[in-house]
Every structure is written in C-alpha cells, then in structure tokens.
J.: 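The structure follows.
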Amino acid sequence: LPTILPVMSSQSVNVEPGDVVRVVLQYLKESNLHQTYDMLAQESGVKMNIVDNLPMFLDDIRQGHWDTVLKTIQYIEVPDKALTSLYEQIVYELVDMKEFGAARSVLRQTTPMQKLKKKDTERYLKLESALGNGKIDESIVYGNSTKEDKRAAIAEEMAKVVNVAPQSRLLTLFQQAIKWQQHSGTLPDGASVDLFRGKAIITELEEEAPPTHIHKSIKLGGKTHCECAAFSSDGQFFVTGCSDGMIEIWNHKTGKIRKDLKFQQEGRFMFVDTAVLCLAFSSDSEMLAVGTQAGKIRVFKAATGQVLRKMDRAHFEGVTSLQFSGDNSRILSTSFDKTVKIHGLRSGKALKEFRGHDSFVNTACFSDDFSKVVSGSSDGTVKIWDVKTERCLGTYSAFVPVSSTKDEKIAEQKLTINKVFLGGNKDEIIICNRSNTLHTINFNGEVLGSHSNGLQAKRREFITSTLSPSGKLLYGMAENRHIYCFNTEVGKLVGEVPLGDGEDLIGMCHHPYSNVIAAFSEGNTVDIWVP
C-alpha cells in the first residue's frame with residue numbers, strides 16, 4: 001500500500017506505518033477474519049480507533065444496545081477512562097436486568113474491569129457488591145441523574161475519542177490509485193490489473209491493425225534527436241535514448257514527460273556521457289539496459305532512475321543492440337567492434353564472447369529457449385551461435401531483393417543486415433537487410449518466405465523492421481519515409497503508411513499490446529502512430 005499511494009500524486013506522500021496497519025485491520029474486520037485481525041493487532045501493537053458509522057455507534061450506547069457496542073468496541077482503541085466508564089455502566093445495567101451470568105463475565109473476564117480492580121479497588125468492589133446483592137442502588141450508581149443521562153455522558157465521551165472512517169477503505173485506495181495510473185498512462189484503460197505487482201495483466205485489447213495517422217508528437221529539447229526508443233513489455237514505460245545522452249520516460253498517450261515518476265519530476269533524468277545507441281527492457285519491465293556510443297552499458301531501475309549496474313568496458317566501440325535473457329540475469333549485446341557478448345548482470349563481466357563477423361555487428365537476439373544467439377552484421381551475414389560452447393553453428397548470406405534474384409551482380413552482393421528477430425513462430429528468424437525485402441529463415445538457414453515492398457527503386461530499402469504482438473503484422477520502415485505492413489499469415493502487403501516529409505528515419509518500435517508504433521528520425525520529434 002505505501003508504494004501504491006505515492007503514484008496518486010506528483011508530490012511526495014508520507015504515509016504513517018500505523019495507518020497502513022489500521023487500513024488492513026479494517027479490511028480484516030470487514031472480511032470477518034477475526035483471528036488474523038487479533039494476531040496482526042497483537043504483533044504490530046496497533047489498534048483501530050475508528051468505527052464505520054459513528055452516529056450509529058453513539059446511538060447504540062444511548063439506547064443500551066450493549067451486545068452491539070461490545071462487538072464494536074473490541075476492534076477499536078479507546079482511552080482507559082472512557083472504556084472503564086462504558087464497561088462499568090454495562091455491568092450495572094446487566095445486574096439491573098437480572099443478567100447475572102453476563103454481568104459476571106464482563107466484570108471478571110474483561111481487561112478494562114481487571115485494570116479497574118488494580119487501580120481503583122473501592123470502585124470495583126461496588127460492582128461486585130451490586131452483583132452479589134442481585135440489584136443496584138440507583139441513588140449510589142446515578143446520584144441525582146438517570147440511567148439515560150449516564151448513557152448520554154458516556155456517548156459524549158466516546159464521541160471525543162473515536163473517529164469514523166468510510167467502509168472498505170483499503171479497496172477504495174486501490175481503486176483510486178489504479179484510476180490515477182490509468183489517467184496518467186501508467187496503466188492502460190480497460191486492462192485487467194495484477195494488483196500485487198502493480199502492473200497491467202497483458203491482454204490483447206484490440207484487433208491488430210496498421211497505423212494511419214499521428215496521435216501525438218513528442219518534442220525533444222534543443223538540437224538533440226532520438227537514436228533509439230523502446231516500450232516496456234507491460235506497456236507502462238515508453239523510453240527514448242538521445243544523441244546527447246539523455247534517457248527520458250514519456251506518456252505516449254499525451255506526448256508529455258512522465259512527471260509522476262519522482263526522479264523526473266525533480267529533474268533527475270537518466271543520463272550517459274555519450275550518445276545512446278540502443279535500449280532494452282527486462283521481461284518484468286523493472287530494468288532498463290542502455291548501450292552507448294563509447295561501448296558502455298548501463299542498467300537502470302526504470303521506476304526510480306537508479307543505476308543498478310555499470311559496465312564501462314562492455315565493448316571497445318559503440319554498443320548497437322541489447323537484449324535481456326529470459327530470467328533477466330544476463331544481457332546480450334552487439335557492437336561496432338565486430339563482437340557479440342553475453343554479460344552477467346550480477347558480476348557485470350562478459351560471460352560469453354562470439355567472434356567471427358568481418359564488420360560491425362548491428363543486431364542480435366536469443367532463440368526462444370535461450371540456447372542460441374542469432375547475429376546480423378554489416379558484412380552481410382547472419383550467424384547462429386551455440387550459447388554454451390560459443391561455437392558458430394551456421395553462417396548465412398545472399399538475402400537479396402525478390403525482384404533481383406535473376407541479376408547475378410546484385411545476387412552476389414552481401415547487403416548489410418540491419419536487424420534480426422524472432423517471428424511469430426519462434427522457430428523462425430526475420431531478417432531485415434538493406435534491400436526492399438524482408439526474409440524469413442529457420443535455424444538451419446533455410447529461407448521460408450519473403451516480404452517485398454515492390455520493385456527496386458531509390459530509397460525503398462528497409463532501415464528496420466518490427467512485429468505486432470501476435471506476429472500477424474510485420475512492419476518494414478524504408479528510406480523513402482514509408483512504413484510497409486505485411487500480413488504474415490497470407491504473405492501479402494496490406495498497408496503502406498507515408499510518414500511525410502522530414503529528416504532521415506532512424507527506427508521504430510511497437511507497443512507490446514496496442515496498435516501503437518513510435519517512429520523517430522534525425523529530427524527532434526518522435527511520432528506516435530495509431531490506426
């Protein structure tokens with residue numbers, strides 16, 4: 001609960017630990033979990049001094065509904081003086097009603113009466129005398145007042161020390177926090193929520209469709225531009241890494257910086273000393289890995305901006321791509337230094353190193369079972385590696401444009417591999433090279449299919465590619481500032497999105513469960529595209 005409440009405001013919220021326990025105690029009481037209530041109250045030393053309905057509680061005292069009053073009073077914390085007066089009146093009235101067994105139990109078995117016996121023996125003995133005689137002397141008990149006057153006085157005293165709280169306070173706080181997170185974009189509207197983890201339960205909220213227009217444009221400061229961007233796997237974070245080393249988390253729905261994150265609200269942004277070339281989130285969305293132009297890797301805690309790990313000698317040259325392993329204990333990286341490495345997050349050291357490419361390694365990904373690594377290089381080859389032995393299992397090239405397979409000169413070219421990633425069928429690898437065609441191969445290097453944006457033409461070569469969450473739609477971003485959308489089930493081009501005039505494109509990324517694509521270029525804006 002203390003971690004959920006602060007997200008309801010951009011300002012700091014201080015929550016007393018005792019109040020948290022009281023909210024939980026109220027929930028236990030309302031759920032009739034009385035043993036658990038007693039154990040928590042005893043262990044924490046915290047009791048409630050609140051009732052659900054104060055007027056009704058006071059009216060029960062005035063009307064002498066002692067069975068109801070006793071049930072309520074056992075769950076609240078009341079000063080000894082007020083509590084003694086209440087129990088004393090209950091004993092006298094039970095004796096007057098000839099309820100001697102009940103009177104005896106209250107007098108001799110309750111904590112307030114035992115305290116009275118020790119502190120004020122004479123007053124206690126008057127109660128014992130009334131019980132022994134089987135009647136009360138009203139002139140002694142009430143003096144010049146009446147029973148009703150005494151009840152009213154006790155009610156008035158209770159009104160000063162007992163507070164009121166709305167029912168179901170715990171659930172109300174959760175609902176308010178979730179509504180605020182939905183309002184701020186931390187949680188998507190309509191999504192089911194994993195309340196324990198504070199995250200959206202990933203579900204497919206809408207039928208997949210290609211984007212058609214810009215929903216929001218994110219404006220970056222100064223002369224910087226976005227070099228890379230990424231959505232977290234739970235959709236809560238959209239992060240940009242810029243040429244000036246700034247790393248910022250945005251609300252992609254509003255196009256505004258996330259000020260509900262305290263470190264950003266205070267101006268303490270994540271930052272590295274050279275350009276950010278790549279980003280990757282852990283599978284639980286807790287960690288953000290950042291690769292820099294200087295060959296360094298930084299791992300941040302996304303929610304706080306805290307640096308968790310520094311790998312200053314990850315590579316000798318710029319880091320071009322990153323990916324976490326399934327258990328988030330290792331990070332796969334590629335570099336301009338022609339190597340592929342796997343780093344241990346705990347040690348910060350390289351655990352595996354794969355050498356064999358003759359030029360920049362631009363991209364890599366794990367196989368679905370994390371036993372293999374697939375890498376792509378500017379030397380025009382895709383290599384598949386065995387993680388355990390570091391041995392190259394295969395080298396594949398000649399991924400040429402569909403329209404040029406009869407041209408021997410073009411077929412002999414080894415076109416730069418810009419990106420490799422797993423297809424919707426995890427046994428397939430999608431290859432984006434510097435051509436107008438996206439290729440799909442298996443782990444034996446066999447070409448399974450291809451998707452082309454048409455005949456060879458100037459600036460129609462693909463820069464990068466991405467896949468929709470289900471794997472149904474495959475997107476290719478081309479140098480002519482168009483995004484081409486292919487239906488992988490039928491193998492056809494189903495959409496073409498012109499991005500308009502602007503600077504040279506750099507990349508794009510897809511939201512993990514919504515029809516949202518973020519596209520960025522050498523300009524100072526990041527455009528959020530939706531259907």
J.: Are the side chain of S397 and the backbone of T381 linked by a donor-acceptor contact shorter than 3.5 Å?
T.: no

J.: Apply the test side chain to side chain contact (heavy atoms under 4.5 Å, CB included) to residues I431 and L438: give CA-CA distance (whole Å), side-chain angles for both, the deciding distance (0.1 Å), then the verdict.
T.: CA-CA 6 Å; I431 299 167; L438 303 173; over 6 Å; no

J.: Kindly determine whether I257 and E248 satisfy side chain to side chain contact (heavy atoms under 4.5 Å, CB included), including the steps that lead there.
T.: CA-CA 7 Å; I257 201 76; E248 296 164 298; 3.6 Å; yes

J.: Quick one: NZ on K472 to CG on L467, what's the gap to the nearest 0.5 Å?
T.: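 With rounding to 0.5 Å, NZ (K472) is 12.5 Å from CG (L467).
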
J.: Do K352 and F354 meet the cation-pi criteria used here (NZ or CZ under 6.0 Å from the six-membered ring centre, within 45° of the axis)?
T.: no

J.: Going by atom types only, do T334 and T320 share a side-chain donor-acceptor pair under 3.5 Å?
T.: yes

J.: Measure across V276 and E227 and return the closest heavy-atom pair with its distance rounded to 0.1 Å.
T.: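 The answer is O-CB, 2.9 Å.
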
J.: Verify whether one side chain among D234 and S285 offers a donor that lies under 3.5 Å from an acceptor in the other.
T.: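 A donor-acceptor contact under 3.5 Å links the two side chains.
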
J.: To the nearest 0.5 Å, what is the distance between CD on E30 and CG on L25?
T.: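 Separation between the atoms: 11.0 Å.
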
J.: F462 versus M477: any side-chain heavy-atom pair under 4.5 Å?
T.: no

J.: Are any non-hydrogen side-chain atoms of I429 and T440 less than 4.5 angstrom apart?
T.: no

J.: Evaluate whether atom CZ of R268 has more than 12 neighbouring non-hydrogen atoms of other residues, nucleotides or ligands under 6.0 angstrom away.
T.: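 Yes - once you tally the heavy atoms of other residues, nucleotides and ligands closer than 6.0 Å, there are more than 12.
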
J.: When you measure from the side chain of T525 to the backbone of D527, do you find a donor-acceptor pair of N or O atoms at a distance under 3.5 Å?
T.: no

J.: Once rounded to the nearest 0.5 Å, what's the spacing between atom OG of S168 and atom CG of L173?
T.: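 It is 11.0 Å, given to the nearest 0.5 Å.
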
J.: Closest approach of Q236 and R258, non-hydrogen atoms and distance?
T.: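 It is O-NH1, 2.8 Å.
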
J.: With side chain to side chain contact (heavy atoms under 4.5 Å, CB included) as the test, pick out the partner of I249 among F238, F263, F269.
T.: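 Between I249 and the candidates, side chain to side chain contact (heavy atoms under 4.5 Å, CB included) is satisfied uniquely by F263.
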
J.: List the atom of H343, the atom of S333, and the distance in Å for their closest heavy-atom pair.
T.: NE2-OG, 2.7 Å

J.: Can you find a pair of side-chain heavy atoms, one from V516 and one from H510, that are under 4.5 Å apart?
T.: no

J.: So, T363 versus K419: side-chain donor-acceptor pair below 3.5 Å or not?
T.: no

J.: Any carboxylate oxygen within less than 4.0 angstrom of a Lys/Arg side-chain nitrogen, looking at E479 and R434?
T.: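 Salt bridge present between E479 and R434.
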
J.: Main chain of V23, side chain of R169: is a donor-acceptor contact present, judged purely on distance under 3.5 Å?
T.: no

J.: Taking the side chain as every heavy atom from C-beta outward, state whether R330 and L345 have any atom pair closer than 4.5 Å.
T.: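 No. Closest side-chain heavy atoms not under 4.5 Å.
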
J.: Backbone N or O of I506 within a donor-acceptor pair of the E522 side chain at under 3.5 Å?
T.: no

J.: State the CD-NZ distance between Q265 and K259, to the nearest 0.5 angstrom.
T.: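 These two atoms lie 7.0 Å from each other.
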
J.: Taking the side chain as every heavy atom from C-beta outward, state whether V530 and P211 have any atom pair closer than 4.5 Å.
T.: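 No, their side chains stay 4.5 Å or more apart.
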
J.: Between S367 (side chain) and K372 (backbone), is there a donor-acceptor pair under 3.5 Å?
T.: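 Such a contact is found between S367 side chain and K372 backbone.
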
J.: If you count the non-hydrogen atoms of other residues, nucleotides and ligands that lie under 6.0 Å from OH in Y27, is the total more than 12?
T.: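 At most 12 heavy atoms, drawn from other residues, nucleotides or ligands, come within 6.0 Å of this atom.
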
J.: If we ignore angles and hydrogens, is there a donor and acceptor under 3.5 Å between the side chains of N433 and T416?
T.: no

J.: Mind running side chain to side chain contact (heavy atoms under 4.5 Å, CB included) on C226 and L220 for me, showing each step along the way?
T.: CA-CA 8 Å; C226 179; L220 304 175; 3.9 Å; yes

J.: Are side-chain N/O atoms of T224 and S243 paired as donor and acceptor at under 3.5 Å?
T.: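 The answer is yes; a qualifying pair exists.
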
J.: Does either side chain, that of E317 or that of S335, offer a donor lying less than 3.5 Å from an acceptor on the other one?
T.: no

J.: Show your working on ring-ring contact (aromatic ring centres under 6.0 Å, His included) between H225 and F520 and close with a plain yes or no.
T.: CA-CA 8 Å; H225 67 267; F520 46 96; 9.4 Å; no

J.: Once you round to the nearest 0.5 Å, how far does CZ of F237 lie from CD of E286?
T.: 7.5 Å

J.: Have N444 and E446 got a donor and an acceptor in their side chains that come within less than 3.5 Å?
T.: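 Checked: N444/E446 side chains show no N/O donor-acceptor pair below 3.5 Å.
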
J.: Should the pair K426-E428 be classified as a salt bridge under the 4.0 Å nitrogen-to-oxygen rule?
T.: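 No.
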
J.: Indicate yes or no: at least one non-hydrogen side-chain atom of H451 is less than 4.5 angstrom from one of T437.
T.: no

J.: So how far is it from F316 CZ to T339 OG1, rounded to the nearest 0.5 Å?
T.: 8.5 Å

J.: Counting distance only, does the side-chain N/O of H511 pair as donor-acceptor with the main-chain N or O of S514 below 3.5 Å?
T.: yes

J.: For K388 and D386, run salt bridge (charged side-chain N to carboxylate O under 4.0 Å, His left out): C-alpha distance rounded to whole Å, both residues' side-chain angles, the deciding distance at 0.1 Å, then the answer.
T.: CA-CA 6 Å; K388 186 175 182 179; D386 184 284; over 6 Å; no

J.: Side chains of N418 and T464 only: does a donor on one sit below 3.5 Å from an acceptor on the other?
T.: no

J.: Hey, mind stepping through S375 and K383 against side chain to side chain donor-acceptor pair (under 3.5 Å) and telling me if it holds?
T.: CA-CA 5 Å; S375 61; K383 291 181 179 290; over 6 Å; no

J.: Is the backbone of A209 close enough, under 3.5 Å, to the side chain of N515 for a donor and an acceptor to pair up by distance?
T.: yes

J.: Quick one about S435 and E461 (side-chain donor to acceptor, distance below 3.5 Å, no hydrogens or angles considered), yes or no?
T.: no

J.: Please walk me through it: do V382 and V374 pass side chain to side chain contact (heavy atoms under 4.5 Å, CB included)?
T.: CA-CA 7 Å; V382 170; V374 184; 3.7 Å; yes

J.: Less than 4.5 Å apart, side chain to side chain, heavy atoms only: is that true for N362 and S378?
T.: yes

J.: Whether the side chain of N442 engages the backbone of L448 through a donor-acceptor N/O pair (distance < 3.5 Å, no angle test) should be reported.
T.: no

J.: Over all heavy atoms of both residues, which pair between S452 and F486 is shortest? Give the atoms and the distance, please.
T.: O-CE2, 3.2 Å

J.: In terms of side-chain geometry, is the basic nitrogen of R298 or D312 positioned less than 4.0 Å from the acidic oxygen of its partner?
T.: yes

J.: Quick one: are T240 and I247 in side-chain contact, heavy atoms under 4.5 Å?
T.: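 Not touching, per the 4.5 Å side-chain cut-off.
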
J.: Quick check against the 3.5 Å criterion: does N328 have a side-chain atom that pairs as donor or acceptor with the backbone of S283?
T.: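 Indeed, once roles are kept as given, a pair shorter than 3.5 Å links the two residues.
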
J.: Run the salt-bridge test on D244 and K223 with the 4.0 Å N-O cut-off and return the result as yes or no.
T.: no

J.: Is there a donor-acceptor contact under 3.5 Å from the side chain of R460 to the main chain of N453?
T.: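 Pair found, side chain donor or acceptor close to backbone of N453.
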
J.: Looking at every heavy atom in both I384 and F443, which two are closest together, and how far apart are they?
T.: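 Minimum heavy-atom separation between I384 and F443: CD1-O, 3.4 Å.
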
J.: Looking only at non-hydrogen atoms, find the nearest pair between P210 and C485 and report the distance.
T.: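 Taking P210 first and C485 second, the nearest heavy atoms are CB-SG, 3.8 Å.
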
